[in-house]
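Side-chain atoms are counted along with the backbone in the values below, which use heavy atoms only and exclude waters and symmetry mates. Quick caveat: nothing in here was measured; it's all calculated off a predicted structure.
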Amino acid sequence: MGRKKLEIKPIENKSSRQVTFSKRRNGLIEKARQLSVLCDASVALLVVSASRKLYSFSSGDNLVKILDRYGKQHGDDLKALDRQSKALDCGSHHELLELVESKLEESNVDNVSVGSLVQLEEHLENALSVTRARKTELMLKLVENLKEKEKLLEEENHVLASQMEKSNLVRAEADNMDVSPGQISDINLPVTLPLLN
């Protein structure tokens, strides 16, 4: 008898949810172990339950070594995510500018503490770094689009150059055959010339 296909949606019954979590967690750990043995791969697995309990598995290398290696290779991504989360904490740029203006009004300048200015500076630096990261991302996309456009134009240029070569060969053959211009139309050679607008 085959297994019944389970619809993937949150399980409402708490005890059923816990049993399913336990079984699937153990199955996932077993698959990770098999992957590490069969492929001689370093595998790290972290699972956090709904009750915030942490389960981990590592093969071969120590879990900390695997996570350090991940951190070194993806450090920039992690920093970008950290900046984005900090920027979300401080709200939109417009709200941040309003906050700066209210803190630095001439009548309030004497009442502003150093701590609040430092915090304000941190918020501004985070917002600036998120803005720079977004600008860099947009510029990289633009460069990628321009490279694709350049490639298409090079291909089109190559096609047009080959068509010009063919037409020059046909003219040269016609010249070598000593054919009058009226007789060229009688020769059945394929000629494709670019259309003039």
Side-chain angles (χ1 to χ4, degrees), residues 1-96 118-119 121-162:
M1 187 188 276
R3 283 202 248 162
K4 163 175 106 170
K5 191 165 188 172
L6 180 69
E7 183 182 351
I8 303 298
K9 66 177 184 177
I11 299 171
E12 300 297 327
N13 187 333
K14 190 174 184 175
S15 62
S16 295
R17 186 181 328 134
Q18 183 58 38
V19 169
T20 302
F21 173 79
S22 179
K23 286 181 179 179
R24 290 196 177 225
R25 180 197 67 223
N26 291 338
L28 189 61
I29 290 172
E30 179 59 24
K31 289 291 184 186
R33 187 191 66 74
Q34 290 172 3
L35 178 66
S36 70
V37 171
L38 292 172
C39 301
D40 192 29
S42 296
V43 178
L45 176 68
L46 293 174
V47 179
V48 181
S49 70
S51 61
R52 303 288 180 230
K53 189 171 180 183
L54 179 68
Y55 301 91
S56 65
F57 167 80
S58 65
S59 65
D61 291 341
N62 186 336
L63 179 67
V64 175
K65 287 181 184 177
I66 296 172
L67 292 177
D68 283 343
R69 193 175 330 147
Y70 178 83
K72 287 176 186 174
Q73 289 181 345
H74 299 283
D76 294 338
D77 296 340
L78 295 173
K79 287 177 187 174
L81 284 174
D82 187 44
R83 282 194 302 265
Q84 286 178 349
S85 67
K86 286 180 181 176
L88 290 174
D89 290 342
C90 70
S92 70
H93 297 296
H94 184 69
E95 293 171 355
L96 186 60
V118 169
Q119 185 180 18
E121 182 182 16
E122 288 175 2
H123 285 316
L124 285 171
E125 286 176 359
N126 289 334
L128 184 62
S129 65
V130 167
T131 303
R132 284 182 178 150
R134 179 69 178 140
K135 182 179 177 184
T136 303
E137 180 185 333
L138 291 173
M139 288 176 65
L140 289 174
K141 284 183 181 177
L142 179 64
V143 167
E144 189 177 311
N145 289 340
L146 288 173
K147 283 182 180 179
E148 288 176 9
K149 193 173 183 180
E150 178 186 21
K151 186 177 177 182
L152 290 173
L153 288 172
E154 284 176 355
E155 289 173 1
E156 185 179 343
N157 189 25
H158 182 71
V159 167
L160 289 173
S162 67

Query - Sequence-distant partners of R25, salt bridge (Lys or Arg N to Asp or Glu O under 4.0 Å), two or more places apart - result: none
Query - Qualifying salt bridge (charged side-chain N to carboxylate O under 4.0 Å, His left out) pairs with a residue from residues 11-20, counting only residues at least two apart or across chains - result: none
To the nearest 0.5 Å, how far apart are [atom1] in [X] and [atom2] in [Y]?
| X | Y | atom1 | atom2 | result |
| --- | --- | --- | --- | --- |
| S56 | I29 | OG | CD1 | 8.0 Å |
| N26 | F57 | CG | CZ | 12.0 Å |
| F21 | I11 | CZ | CD1 | 11.5 Å |
| M139 | L146 | CE | CG | 11.0 Å |

Requested in this report: Report yes if some heavy atom in the side chain of K147 is under 4.5 Å from a heavy atom in the side chain of V143; otherwise report no.
Outcome: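 SC-SC contact between K147 and V143 confirmed.
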Query raised in the report: If we only count heavy atoms from C-beta on, is the R69 to S42 side-chain gap below 4.5 Å?
Result: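 Of all side-chain heavy-atom pairs linking S42 with R69, at least one is under 4.5 Å.
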Report summary line: Heavy atoms of L63 and S58 approach each other most closely as N-OG, 3.6 Å
Query raised in the report: So does R33 pair up with E30, basic N to acidic O under 4.0 Å?
Result: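 Answer for the salt bridge query: yes.
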**Report entry** Residues which pass side chain to side chain contact (heavy atoms under 4.5 Å, CB included) with D68, listed by chain and number, not counting sequence neighbours
**Finding:**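 Side chain to side chain contact (heavy atoms under 4.5 Å, CB included) list for D68, sorted by chain: V64.
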Requested in this report: Examine distances only and state if a side-chain atom of S36 and a backbone atom of V43 form a donor-acceptor pair shorter than 3.5 Å.
Outcome: no
Query raised in the report: Are any side-chain N or O atoms of S22 and backbone N or O atoms of Q18, one a donor and one an acceptor, separated by less than 3.5 Å?
Result: no
Query raised in the report: Among E150, E155, K151, E156, which residue meets the side chain to side chain contact (heavy atoms under 4.5 Å, CB included) test with L153?
Result: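 Filter result, single survivor: E156.
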**Report entry** N145 atom CG, neighbour heavy-atom count above 12 within 6.0 Å
**Finding:** yes
